[in-house]
Amino acid sequence: MNEKFKNFIFDLDGTLLDTVDDLTTAFNYMRRKLDFPEVSRKKMEKMIGNGMRDVIEQSFAEMNVNPSGEDIVSALDTMRNYYLEHTVVLTKPYDGVRDTLIFMREKGCKTAVVTNKYTDAAVEILKKFDLDKYFDVVFGNGEGFPLKPQPDLLWESAKRMNCTINDCVMVGDNYTDLGAARNAGCKSIFCNYGYGVMQDEKADFFIDKFADLKDYIP
């Protein structure tokens with residue numbers, strides 16, 4: 001029998017939503033401005049997970065360019081501004097997300113989104129799909145806390161949900177999510193359907209589709 005939880009902390013990209021196509025478009029827009037070649041969705045899947053700044057730093061490194069701090073900020077602003085205007089052109093929730101979140105609400109679960117994406121972008125996307133109302137907390141980059149796999153965002157989210165972190169479970173598709181759960185002191189559920197990778201991290205449980213989370217709700 002699966003362990004049961006009442007407090008769920010979710011990653012966003014690759015867990016709740018398939019956002020890669022819109023991220024790839026924004027990334028390639030920035031790369032064209034720098035006269036860098038575009039990348040494929042498949043390559044983008046391997047690059048994301050540690051926040052937009054990390055993706056941009058990877059981009060410069062791949063082109064053997066040593067950027068200044070101003071170069072990084074300029075590229076970040078270019079990608080971020082474009083992305084904020086094109087967040088849900090191709091993005092879509094995974095099958096079963098809405099129904100499962102409704103089920104969680106009916107069962108009295110507390111829910112949070114903790115993402116390495118900027119908080120304003122995460123909120124905007126959730127609102128456009130009318131999913132924001134199913135979350136007690138949406139928390140990410142730009143809040144003054146270290147990003148996953150550091151535990152701070154998870155600790156603060158648990159605090160904002162008025163629960164203890166050891167009573168939460170982190171649901172995500174990437175090693176950053178699993179590492180954050182381990183560092184924070186909570187259990188983790190890995191989403192096999194996402195596009196992230198586990199690397200050397202370990203998960204406590206696994207799901208093949210989002211609706212499988214119903215088995216972890218008392």
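Along the sequence shown, residues are numbered consecutively beginning with 1.
Counting heavy atoms of neighbouring residues, nucleotides and ligands inside a 6.0 Å radius, atom CG of Asn81 exceeds 12 of them.
Put simply, the side chain of Asp204 gets close to the backbone of Ser188: a donor and an acceptor are under 3.5 Å apart. The main-chain N or O of Gly196 is never found under 3.5 Å from a side-chain atom of Glu45 such that the two would form a donor-acceptor pair. Trp155 places no side-chain N or O within 3.5 Å of a backbone atom of Ile165 that could act as its donor or acceptor partner. Under the 3.5 Å distance criterion, the side-chain polar atoms of Thr24 are left unmatched by any main-chain donor or acceptor of Arg41.
When all heavy atoms of Asp132 and Lys127 are compared, the pair lying nearest together is OD1-CA, 3.4 Å. Contact between Asn174 and Ile48 at its shortest, heavy atoms only, is ND2-O, 4.3 Å. Contact record, Thr91 with Phe129: O-CZ, 3.1 Å, taken as the closest heavy-atom pair. Looking at every heavy atom in both residues, Leu34 comes nearest to Ala75 through CD1-CB, 4.4 Å. Heavy atoms only, all atoms of each residue included: Lys214 and Asp99 are closest at CE-O, 4.5 Å. The nearest pair of heavy atoms linking Pro149 to Asn50 is CD-OD1, 4.4 Å.
Listed by first and then second residue, the ring pair (Phe, Tyr, Trp, His ring centres under 6.0 Å) pairs that reach into residues 36-67 are Phe36-Phe60, sequence neighbours excluded. Listed by first and then second residue, the salt bridge (Lys or Arg N to Asp or Glu O under 4.0 Å) pairs that reach into residues 187-197 are Glu3-Lys187, sequence neighbours excluded.
Under the salt bridge (charged side-chain N to carboxylate O under 4.0 Å, His left out) rule, Asp136 has a single partner from Arg105, Lys159, Lys6, which is Arg105. Results of the side chain to side chain donor-acceptor pair (under 3.5 Å) test with Tyr195 over Thr15, Asp173, Thr19 single out Thr19 as the only residue that passes.
Contact of the Ile9 side chain with the Met161 side chain is registered, since non-hydrogen atoms from C-beta on lie closer than 4.5 Å. For the pair Asp200 and Tyr175, the minimum side-chain heavy-atom distance is 4.5 Å or more. Looking only at side-chain heavy atoms (C-beta outward), Leu101 and Leu131 come within less than 4.5 Å of each other. Proximity of Leu17 to Leu12: side-chain heavy atoms (C-beta onward) are separated by under 4.5 Å at one or more points. Proximity of Cys109 to Phe8: side-chain heavy atoms (C-beta onward) are separated by under 4.5 Å at one or more points. Residues Lys4 and Ile217 fail the side-chain proximity criterion, which asks for heavy atoms closer than 4.5 Å. Within the 4.5 Å cutoff, no side-chain heavy atoms of Ile189 are placed close to those of Met170. By the 4.5 Å heavy-atom criterion applied to side chains, Val113 and Leu126 are counted as neighbours.
Under the 4.5 Å side-chain heavy-atom criterion for ILVMFWY residues, a single connected hydrophobic cluster contains both Ile125 and Met52. Cluster membership check: Tyr118 shares its hydrophobic cluster with Val55, using side-chain heavy-atom separations under 4.5 Å among Ile, Leu, Val, Met, Phe, Trp and Tyr. In the hydrophobic cluster analysis, where Ile, Leu, Val, Met, Phe, Trp and Tyr join through side-chain heavy atoms closer than 4.5 angstrom, Phe27 is grouped together with Val20. By the criterion of side-chain heavy atoms lying less than 4.5 angstrom apart, applied directly or through intervening Ile, Leu, Val, Met, Phe, Trp or Tyr residues, Val137 is not grouped with Val169; the two fall into different hydrophobic clusters. Val123 and Val97 fall within the same hydrophobic cluster, defined by Ile, Leu, Val, Met, Phe, Trp and Tyr side-chain heavy atoms under 4.5 Å apart, directly or through other members.
The salt bridge (charged side-chain N to carboxylate O under 4.0 Å, His left out) check on Asp22 picks up nothing, with sequence neighbours excluded. Residues satisfying the salt bridge (charged side-chain N to carboxylate O under 4.0 Å, His left out) criterion with Asp152, sequence neighbours excluded, are absent altogether. Looking at residues two or more places apart in sequence or on another chain, you find a side chain to side chain donor-acceptor pair (under 3.5 Å) between Asp167 and Thr164. Every residue meeting the ring pair (Phe, Tyr, Trp, His ring centres under 6.0 Å) condition with Phe145, not counting sequence neighbours, appears here in chain and number order: Phe139. Every residue meeting the ring pair (Phe, Tyr, Trp, His ring centres under 6.0 Å) condition with Tyr193, not counting sequence neighbours, appears here in chain and number order: Tyr94. For Lys33, there are no salt bridge (charged side-chain N to carboxylate O under 4.0 Å, His left out) partners at least two apart in sequence or on another chain. Taking the ring pair (Phe, Tyr, Trp, His ring centres under 6.0 Å) definition, one finds that Phe210 meets it with Phe10, sequence neighbours left out. Applying the salt bridge (charged side-chain N to carboxylate O under 4.0 Å, His left out) criterion to Asp11, with sequence neighbours excluded, gives Lys148.
Judged purely by distance below 3.5 Å, without hydrogens or angles, the side chains of Asn141 and Asn116 never pair a donor atom with an acceptor atom. For the residue pair Asp77/Ser74, the side-chain donor-acceptor check at 3.5 Å is not satisfied. Of the N and O atoms on the side chains of Arg31 and Ser59, at least one donor lies less than 3.5 Å from an acceptor on the other residue.
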Atom pairs and distances, donor-acceptor, side-chain atoms in residues 83-90, under 3.5 Å, two or more places apart:
| residue | atom | partner | partner atom | Å |
| --- | --- | --- | --- | --- |
| Tyr83 | OH | Lys117 | NZ | 2.9 |
| His86 | ND1 | Tyr82 | O | 2.7 |
| Thr87 | OG1 | Lys128 | NZ | 3.3 |

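A salt bridge links Asp130 and Lys133; the closest N-O separation between the charged side-chain nitrogens and carboxylate oxygens is under 4.0 Å. The existence of a salt bridge linking Arg80 and Asp120 is confirmed by a sub-4.0 Å separation between a basic side-chain nitrogen and an acidic carboxylate oxygen.
One distance of note links OG1 of Thr176 with CD of Gln199; it measures 9.0 Å at 0.5 Å rounding. Distance check: Arg32 CZ to Thr78 OG1 gives 11.5 Å after rounding to the nearest 0.5 Å. Thr100 contributes atom OG1, which lies 13.0 Å from atom NZ of Lys107 (distance to the nearest 0.5 angstrom).
The other residues sharing a hydrophobic cluster with Met198 are Leu178, Phe190, Phe206, where clustering joins ILVMFWY side chains under 4.5 Å apart.
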Open item on the list: Under the criterion side-chain contact (heavy atoms from CB on, under 4.5 Å), I'd like the reasoning laid out for Asn166 against Cys186: C-alpha separation, chi angles, the key distance, then a yes or no.
Closed with: CA-CA 5 Å; Asn166 57 312; Cys186 69; 5.9 Å; no
- [ ] Test Ile207 against Asn192 for side-chain contact (heavy atoms from CB on, under 4.5 Å), laying out the working first.
- [x] CA-CA 6 Å; Ile207 56 173; Asn192 289 327; over 6 Å; no
